[in-house]
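Let me begin by presenting the structure, written as structure tokens, before commenting on it.
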Amino acid sequence: MAEQLGFDLPSRTALGRDAFFVAPSNAMALAMIDTWPNWAGGKLVLTGPTGAGKTHLTHVWATVSNATIIKAADVQEADIPTLAQGPVAVEDIPTIAGNSEAETALFHLHNMTLAEGHTLLLTGTPPVAGWGLHLPDLMSRLQGTSAAALEAPDDALLAALLVKLLADRQLMPKPALITYLLGRMDRSFAAAIDLVARLDAASLARKKPITIKLAAAVLDKAPPNT
């Protein structure tokens, strides 16, 4: 029998404060975000591995500060004077390392934003010393910036997130399913959100509950001929 197609509704990653799960791996970074607008020097660096929650915290801060969020790679083409008229978050700064024009544009954005009395949030995966920037004046300013580091989410945090995301869809998972997923999924908030959406879609399409067998198929871990 053909599978029943479910409604293919658009999904969107929840990036609000209420959707941010606090754990030892991110509590210090969240506390630093909460000290805004009293950041030393008017700026803060946020670091941590992919999936640790940097983008989520950036959006949390942008909501309370009414900040503009821009990728570092886009700063070179941006209207710097206009951006500097309010708080700004610049994401993924290591991606412009060695690009002299982009680094110079970021240097000007940094200086103009602070000169206008606004605040800056700057993000990258490694600590600032590992960002690989070539412009000495920019690097010196960023190395002197207060920093908050997020760690990769641990099992307890990911388990809580999976349970919450499933419960939001009126799904009550068994502990064995959560344990199974934790051992096979990518270790990030974004991966958890995407996985739950795919599990729910597969469950609707097949008109079956979310079991380990179904999860295995969704994760492409199903044994042959199952």
Side-chain angles (χ1 to χ4, degrees), residues 1-27 29-30 33 46-63 69 71-74 89 91-92 94-95 123-126 149-226:
M1 179 181 291
E3 292 184 353
Q4 177 67 37
L5 294 177
F7 291 106
D8 186 15
L9 298 175
S11 60
R12 183 172 130 186
T13 301
L15 294 172
R17 176 65 180 264
D18 291 345
F20 190 82
F21 284 76
V22 184
S25 60
N26 59 36
L30 178 60
I33 290 292
L46 197 60
T47 65
T50 300
K54 295 189 300 298
T55 293
H56 195 153
L57 270 188
T58 297
H59 281 263
V60 168
W61 175 70
T63 297
I69 301 173
K71 295 289 187 184
D74 296 328
E91 295 189 295
D92 303 321
T95 61
T123 79
T125 298
L150 294 96
E151 305 296 335
D154 59 18
D155 280 358
L157 180 55
L158 284 176
L161 179 59
L162 287 170
V163 170
K164 171 65 165 55
L165 292 170
L166 288 164
D168 285 346
R169 296 170 181 262
Q170 289 76 53
L171 300 169
M172 298 295 113
K174 294 183 178 180
L177 174 64
I178 300 299
T179 300
Y180 180 85
L181 295 175
L182 285 174
R184 292 159 179 82
M185 64 179 286
D186 290 339
R187 319 292 297 174
S188 74
F189 296 144
I193 292 167
D194 175 70
L195 175 57
V196 168
R198 289 190 289 125
L199 288 170
D200 191 24
S203 176
L204 289 171
R206 303 180 189 201
K207 294 186 175 181
K208 293 181 179 180
I210 299 176
T211 61
I212 289 177
K213 183 177 180 179
L214 179 63
V218 169
L219 290 164
D220 293 325
K221 298 291 186 180
N225 303 318
T226 60

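Along the sequence shown, residues are numbered consecutively beginning with 1. Nothing here was measured: the structure is a model prediction, and the numbers come from that model.
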Measuring from [X]:[atom1] to [Y]:[atom2], what's the distance to the nearest 0.5 Å?
{"X": "I193", "Y": "R198", "atom1": "CD1", "atom2": "CZ", "result": "13.0 Å"}
{"X": "I178", "Y": "D155", "atom1": "CD1", "atom2": "CG", "result": "11.5 Å"}
{"X": "L165", "Y": "L195", "atom1": "CG", "atom2": "CG", "result": "9.5 Å"}
{"X": "E91", "Y": "T55", "atom1": "CD", "atom2": "OG1", "result": "4.0 Å"}

Judged by atom type as modelled, is there a donor-acceptor pair below 3.5 Å linking the side chain of [X] to the main-chain atoms of [Y]?
{"X": "D200", "Y": "A197", "answer": "no"}
{"X": "T47", "Y": "T125", "answer": "no"}
{"X": "R187", "Y": "A52", "answer": "no"}
{"X": "K54", "Y": "L46", "answer": "no"}

Would you indicate whether the side-chain heavy atoms of [Y] and [X] approach each other to under 4.5 Å?
{"X": "L181", "Y": "L158", "result": "no"}
{"X": "D186", "Y": "D194", "result": "no"}
{"X": "L157", "Y": "L161", "result": "no"}
{"X": "M185", "Y": "L162", "result": "yes"}

What heavy-atom pair brings [X] and [Y] nearest, and what distance separates the two atoms?
{"X": "L150", "Y": "A29", "value": "CG-CB, 3.7 Å"}
{"X": "T95", "Y": "D92", "value": "OG1-O, 2.6 Å"}
{"X": "S25", "Y": "A152", "value": "CB-O, 3.8 Å"}
{"X": "A215", "Y": "L177", "value": "CB-CD1, 3.9 Å"}

Could I get the full list of side-chain contact (heavy atoms from CB on, under 4.5 Å) partners for [X], not counting sequence neighbours?
{"X": "D168", "answer": "K164"}
{"X": "S203", "answer": "I210, L214"}
{"X": "K174", "answer": "none"}

